[in-house]
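Since the structure is predicted, the reported quantities are computational estimates derived from the model, not experimental observations. Numbering of residues begins at 1 and proceeds along the displayed sequence.
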Amino acid sequence: MRPPLIKSALVLMTVFGMSGTSFSQTHYSSNVSVGVKGGVDLSRVSFTPSVKQSFAMGGNAGVTFRYIEENHFGLIAEVNFEQRGWKEDFEGKYPYEYTRTLNYVQIPFLAHIYFGRRGRFFFNAGPEIGFMIGESTKANFDYNNISSIPDFPASLRTTYQYQMAAENKVDFGISAGLGGEFSINKRNAIYIEGRFYYGLGNVLKSGRTENFRGSNSMSIMASIGYWIRIK
């Protein structure tokens with residue numbers, strides 16, 4: 001018969017051996033991917049005091065980088081061109097139109113949480129910083145001389161924003177999105193995502209002594225993208 005000490009050693013060796021086998025089976029190798037994306041933006045600005053508006057439509061496009069080290073978790077960095085802004089809502093009562101378009105280079109840094117294998121569901125969230133590279137205004141009335149328009153409802157709505165240029169060229173905020181990804185093969189995948197952004201800075205000059213106390217940008221972005229795994 002084997003002494004108890006030898007039996008105990010054999011049991012421990014068996015346990016460690018099984019643990020090692022289990023670890024080798026569950027170990028996750030890192031995954032590095034690059035990609036491209038494009039889609040549409042629906043945006044507006046949260047003004048205080050409020051401005052009657054609807055969502056302005058714009059476009060977005062960018063390049064993406066994703067690093068996954070652990071199962072179900074990774075990091076994403078992007079460089080995107082996005083069109084944001086706002087569209088005035090005259091509620092169908094007046095024949096006027098006014099849209100401000102703000103062009104940004106946006107750089108989000110996102111935590112990436114996903115579930116599934118070939119078909120994945122994912123959640124992205126994190127901070128985002130943007131740099132304004134231009135703005136434009138489209139209107140069917142002379143917004144620089146509203147007093148010359150007899151039937152313009154100036155007394156019924158806020159109008160300071162018409163002539164105010166974007167004061168802050170750097171915007172920062174929080175992004176969060178949900179989406180799905182489908183693997184074509186081991187190195188290629190396509191995905192769709194819906195994402196919400198809320199800016200923590202002001203678009204126009206704002207403060208207690210200004211015409212606006214706040215002017216925060218917000219947008220809903222829908223995009224489709226393509227991943228290429230490089231590692």
Neighbour count above 12 (heavy atom, 6.0 Å) for Y160 OH: no
Is there a side-chain contact between V34 and V63 (heavy atoms, below 4.5 Å)? no
Output for pair (N71 CG, N31 CG), nearest 0.5 Å, gives 11.0 Å
Please check if V45 and M164 belong to a single hydrophobic cluster, counting links between Ile, Leu, Val, Met, Phe, Trp and Tyr side chain heavy atoms closer than 4.5 Å. yes
For S215 against L204, the heavy-atom pair lying closest together: OG-N, 3.0 Å
Suppose we call two aromatic rings close when their centres sit under 6.0 Å apart. Are F182 and Y191 close by that rule? no
Could you walk me through whether L75 and F65 pass side-chain contact (heavy atoms from CB on, under 4.5 Å), step by step? CA-CA 8 Å; L75 298 172; F65 174 85; over 6 Å; no
Residue pair G199 / N216: nearest heavy atoms and the distance that separates them: O-ND2, 3.2 Å
Side chain to side chain donor-acceptor pair (under 3.5 Å), paired with R100, selected from Q161, E88, E135, Q53: E135
Is there a side chain to side chain donor-acceptor pair (under 3.5 Å) between N124 and E193 once you walk through the steps? CA-CA 9 Å; N124 296 328; E193 181 186 10; 3.3 Å; yes
Would Y198 and I174 count as a side-chain contact (heavy atoms from CB on, under 4.5 Å) if you check the C-alpha gap in whole Å, the side-chain angles of each, and the deciding distance to 0.1 Å? CA-CA 6 Å; Y198 186 81; I174 300 295; 5.6 Å; no
Smallest heavy-atom separation, S175 atom then Y197 atom, equals OG-CD1, 3.4 Å
Nearest atoms (heavy-atom pairs only) where S33 meets R229: OG-CA, 3.6 Å
Spacing of T48 atom OG1 and N211 atom CG [to the nearest 0.5 Å]: 13.0 Å
So, taking the atom named CZ in F115 and the one named CD1 in I113, what distance separates them when rounded to the nearest 0.5 Å? 6.5 Å
Just verifying a value: how many Å separate I76 CD1 and I68 CD1, rounded to the nearest 0.5 Å? 7.5 Å
Is it the case that one hydrophobic cluster holds both M132 and I107, taking links as side-chain heavy atoms less than 4.5 Å apart, direct or via other members? no
Carefully, step by step, assess E91 and K52 under the rule salt bridge (charged side-chain N to carboxylate O under 4.0 Å, His left out). CA-CA 8 Å; E91 303 173 301; K52 296 178 181 179; 3.5 Å; yes
Passes side-chain contact (heavy atoms from CB on, under 4.5 Å), N80 versus V105? Steps please. CA-CA 6 Å; N80 302 320; V105 173; over 6 Å; no
Under 6.0 Å from the NZ atom of K37, do we count more than 12 heavy atoms belonging to anything else shown? yes
Tell me if the aromatic rings of Y162 and F141 count as close, with their centers under 6.0 Å from one another. yes
Residues D41 and Y104: side-chain donor-acceptor under 3.5 angstrom: no
Checking the side chain of N188 only, and the main-chain atoms of I228 only, is there a donor and an acceptor separated by less than 3.5 Å? no
Where do K87 and T99 come nearest, in terms of heavy atoms and distance? CG-OG1, 3.5 Å
Axial cation check for Y94 ring with R157, 6.0 Å and 45° limits: no
Centroid separation under 6.0 Å, is that true for the rings of F121 and Y114? no
Side chain proximity check, Y96 to D151, heavy atoms < 4.5 angstrom: yes
Which one of N60, V203, T101, D171 satisfies the side chain to side chain contact (heavy atoms under 4.5 Å, CB included) criterion with R84? D171
Side chain proximity check, I184 to I190, heavy atoms < 4.5 angstrom: yes
Could you go step by step and tell me if T158 and F212 meet the side-chain contact (heavy atoms from CB on, under 4.5 Å) rule? CA-CA 10 Å; T158 305; F212 292 102; 3.7 Å; yes
Working to the nearest 0.5 Å, report the span between OG of S43 and CE of M221. 12.0 Å
To the nearest 0.5 Å, what is the distance between CG on L156 and CZ on F90? 11.0 Å
Parallel, tilted or perpendicular: ring planes of H112 versus F122, cut at 30 and 60 degrees: tilted
Between F152 and Y143, is there a shared hydrophobic cluster once you connect ILVMFWY residues whose side-chain heavy atoms come closer than 4.5 Å? yes
If we only count heavy atoms from C-beta on, is the E167 to S206 side-chain gap below 4.5 Å? no
Only residue of E78, E82, E128 satisfying side chain to side chain donor-acceptor pair (under 3.5 Å) with Q106 is E128
In this structure, are over 12 heavy atoms from other groups packed under 6.0 Å from L42 atom CG? yes
Below 6.0 angstrom between ring centroids: does that apply to W86 and F47? yes
Can you tell me if K169 has over 12 outside heavy atoms packed within less than 6.0 Å of its NZ? yes
On a heavy-atom basis, the closest approach of E69 and S30 is OE1-CB, 3.2 Å
